[in-house]
Structure formats: structure tokens, C-alpha cells
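Before any comments, here is the structure.
Chain identifiers are assigned alphabetically (A, B, ...) following the order of the sequence lines, protein sequences preceding nucleic acid strands; residue numbering begins at 1 within each chain.
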Number of protein chains: 2
Amino acid sequence: MGVTKSYHFTELQNELASLLKAIAHPARIAIIQHLLKVESCICSAIVDEIPLAQPTISQHLKELKNAGLIKGTIEGNSICYCLNEQGFNKIKGFLEIVSSHLESQKKQCC
Amino acid sequence: MGVTKSYHFTELQNELASLLKAIAHPARIAIIQHLLKVESCICSAIVDEIPLAQPTISQHLKELKNAGLIKGTIEGNSICYCLNEQGFNKIKGFLEIVSSHLESQKKQCC
DNA sequence: ATTTTATATTGCAATATTACGATATAGTTT
DNA sequence: AAACTATATCGTAATATTGCAATATAAAAT
């Protein structure tokens with residue numbers, strides 16, 4: 001059917017899935033890595049950095065923004081994008097729980 | 001076009017995207033959480049735990065396995081699934097890099 | 001050997017995602 | 001104001017994902 005049955009799952013499960021889905025594309029990972037590298041949030045010279053058409057980049061940026069992983073502020077003509085710590089912390093929190101559980105699980109079964 | 005232009009991106013970017021995509025579904029997060037909870041890797045009583053049809057769960061398990069996030073071993077009649085630490089560590093590594101960069105970035109711009 | 005139990009595969013319909021050309025919007029420069 | 005620059009939106013084609021019924025496979029129990 002192509003539609004995720006999100007009503008079967010908890011709010012946290014759905015939220016985590018949305019956040020992870022937003023990162024789960026090589027172009028969006030490249031955008032994140034670029035924003036990390038440039039420190040000060042140089043705006044969308046991202047378009048020059050990544051070999052995809054401008055509307056495509058714009059769409060990816062929108063997804064990252066909707067998910068709460070980046071922020072954008074208008075700066076005259078252009079827009080300044082930078083990473084949003086909060087979004088990443090949620091994902092990091094989940095992975096830390098997974099890791100700590102895995103470490104305390106002494107006996108591996110598989 | 002619907003097809004990701006993965007040839008534009010680095011191997012690491014594509015690998016991370018695949019791993020993240022594999023987790024990025026509420027049912028698969030629920031599966032991961034269940035496997036965490038049951039400690040010893042009780043097999044696919046997951047089907048009883050999650051309100052999706054058996055073929056759907058089987059498909060989700062396959063994706064998690066292909067991505068390297070879970071392992072499965074045959075145990076007589078049934079199959080024992082458990083989490084695969086390695087896959088999670090790769091994602092955790094990426095997020096730790098993001099976090100440490102963000103923390104050292106004093107001036108927020110947006 | 002037949003039935004039962006556990007899991008995987010196939011095929012398919014519904015929906016979502018990816019990418020981009022064309023175009024719109026809005027600030028900047030001339 | 002006209003031209004330019006930066007970004008967003010629309011429309012659309014190609015492809016991917018989700019979910020499940022039906023069916024296949026294979027071990028276990030009877």
C-alpha cells in the first residue's frame with residue numbers, strides 16, 4: 001500500500017523514524033557534513049557543493065528543516081542554514097540507549 | 001525519477017544513508033526496541049508483538065538484516081534474531097562526530 | 001506420513017520519494 | 001524600474017517503499 005501504519009506505533013517511535021528518515025539520504029548527509037565543516041553557517045553554496053539541481057537541493061533542505069535537523073534564517077537575498085542541535089540529540093539519545101543495552105548484554109546469542 | 005543518484009556521493013555517505021534508512025521506520029524501531037528489551041534474543045514472537053501481518057514483519061526483518069543491524073540464526077523450527085552491534089556503532093560514530101562538532105561551535109548563527 | 005508451526009517469497013495495489021525543468025517570489029544591484 | 005541573484009514551489013516522470021493475501025518451504029509434532 002505504500003503508507004506506513006503509524007497509528008500502530010508510539011509517538012516516540014514515529015518521531016524517531018521521521019528524524020532518521022530525514023537523514024537517510026546521501027545528499028542530506030552530504031549537506032549535514034558540509035554544514036559541519038564550514039562552521040559558520042555559510043548559506044546555500046550547498047548548491048555549488050553538491051552535484052544536484054537547485055530545486056532538488058532546495059527540497060532536501062526543506063525536509064531537513066521540517067524534521068528539525070537544520071535551521072534557516074533569511075539574510076538579505078540569501079538564506080543561512082545551520083544545524084539544529086536538538087534534532088540530532090534526539091537521535092543520539094536513542095542510539096546511546098541501544099549501545100548501553102548492547103554493552104551490558106554479556107551473552108551474544110547469534 | 002525516484003532513484004537516488006548515489007554515484008555522486010562517497011561510499012561512507014551512501015553506507016550511512018542505507019543504515020539510517022533501515023532504522024527509519026516505526027515498525028523497525030519497534031523491532032529494535034523489542035530485541036533490546038528481551039535481552040536474550042527471543043525469536044519472532046515479534047510477530048505477536050507488532051500489529052502487522054507476518055509477511056510484513058518478515059520483510060522488515062529482512063531489511064534490518066541486509067543493512068547489518070540484526071543477525072538471525074536458525075534454531076530448529078524457528079529463527080533467533082538479535083541486534084548486531086557493528087551496524088549501530090557506525091551510526092553512533094557519525095552522530096558523535098556531529099555532536100562534538102556542534103558543541104565546539106560556540107557561536108550559533110540561526 | 002500427515003498435520004502443525006514458523007518463516008520466507010511472490011505478486012500486486014496504494015502511496016511515497018527522488019529528481020528536475022519551468023516558473024514564481026523576493027531581495028539586490030545597476 | 002530593469003536586470004540580476006538566490007531560493008522556493010509546481011508539475012510530472014521514474015522509481016522505491018509499504019503492506020498484505022496467497023503460497024512456498026522446512027522443521028516439529030502427532
Side-chain angles (χ1 to χ4, degrees), chain A residues 1-9 13-14 17-31 34-35 41-67 69-82 110, chain B residues 1-9 13-14 17-31 34-35 41-67 69-82 110:
Chain A
M1 291 161 176
V3 66
T4 295
K5 297 194 162 177
S6 39
Y7 52 89
H8 281 318
F9 304 100
Q13 285 164 344
N14 284 308
S18 294
L19 282 164
L20 289 162
K21 205 188 219 173
I23 316 189
H25 189 286
R28 295 196 288 266
I29 291 182
I31 290 172
H34 184 72
L35 287 176
C41 56
I42 286 174
C43 324
S44 289
I46 298 167
V47 175
D48 299 329
E49 191 69 16
I50 294 168
L52 290 175
Q54 179 268 320
T56 308
I57 302 287
S58 187
Q59 197 175 260
H60 283 307
L61 287 168
K62 194 180 174 186
E63 276 173 73
L64 286 170
K65 199 175 164 195
N66 287 343
L69 290 165
I70 63 174
K71 289 184 268 188
T73 32
I74 297 168
E75 237 173 48
N77 207 6
S78 56
I79 293 190
C80 171
Y81 281 111
C82 65
C110 301
Chain B
M1 290 159 178
V3 66
T4 295
K5 297 194 163 176
S6 39
Y7 52 89
H8 282 318
F9 304 100
Q13 285 164 345
N14 284 309
S18 293
L19 281 164
L20 289 162
K21 204 177 186 176
I23 316 188
H25 189 287
R28 295 195 290 266
I29 291 182
I31 290 172
H34 184 72
L35 288 175
C41 57
I42 285 174
C43 322
S44 290
I46 297 167
V47 176
D48 299 328
E49 191 70 16
I50 295 169
L52 291 174
Q54 179 268 321
T56 307
I57 302 286
S58 186
Q59 198 176 260
H60 283 307
L61 287 168
K62 194 180 175 185
E63 277 173 72
L64 286 170
K65 199 176 165 194
N66 286 343
L69 290 164
I70 62 173
K71 289 184 269 188
T73 32
I74 296 168
E75 237 173 47
N77 205 7
S78 55
I79 292 191
C80 172
Y81 281 112
C82 65
C110 303

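To the nearest 0.5 Å, the span separating CG on L61(B) from CD1 on I79(B) amounts to 9.0 Å. From L52(A), atom CG reaches atom OG of S58(A) across 12.0 Å, with rounding to the nearest 0.5 Å.
For H8(A), no side-chain nitrogen or oxygen approaches OP1 or OP2 of dG19(D) to under 4.0 Å. Remark: K21(A) is not in phosphate contact with dA16(C), judged by side-chain N or O atoms under 4.0 Å from OP1 or OP2. Contact annotation: S78(A) side-chain N/O to dA6(D) OP1/OP2 distance is not under 4.0 Å. The side chain of Y81(B) contributes an N or O atom lying less than 4.0 Å from OP1 or OP2 of dA8(C). Remark: H60(A) is not in phosphate contact with dT17(C), judged by side-chain N or O atoms under 4.0 Å from OP1 or OP2. Considering only side-chain N and O atoms, K62(B) lies under 4.0 angstrom from the phosphate OP1 or OP2 of dT9(C).
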Item to complete: Indicate for each nucleotide in nucleotides 23-30 of chain D, in 5' to 3' sequence, whether protein heavy atoms under 4.0 Å reach the base (B), only the sugar-phosphate (S), or nothing (-).
Response: ----BS--
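Atom pair I46(B):CD1 and dT5(C):P shows a separation of 20 Å (rounding to whole Å applied).
Mapping T56(B) and V3(B) onto DNA chain D via the closest heavy atom, the residue that lands nearer the 5' end is V3(B).
Residue contacts shown for T4(A) are limited to sugar-phosphate atoms, with no base heavy atom under 4.0 Å away.
Between H60(A) and H25(A), the ring planes are tilted. Angles from 30° to 60° get that label.
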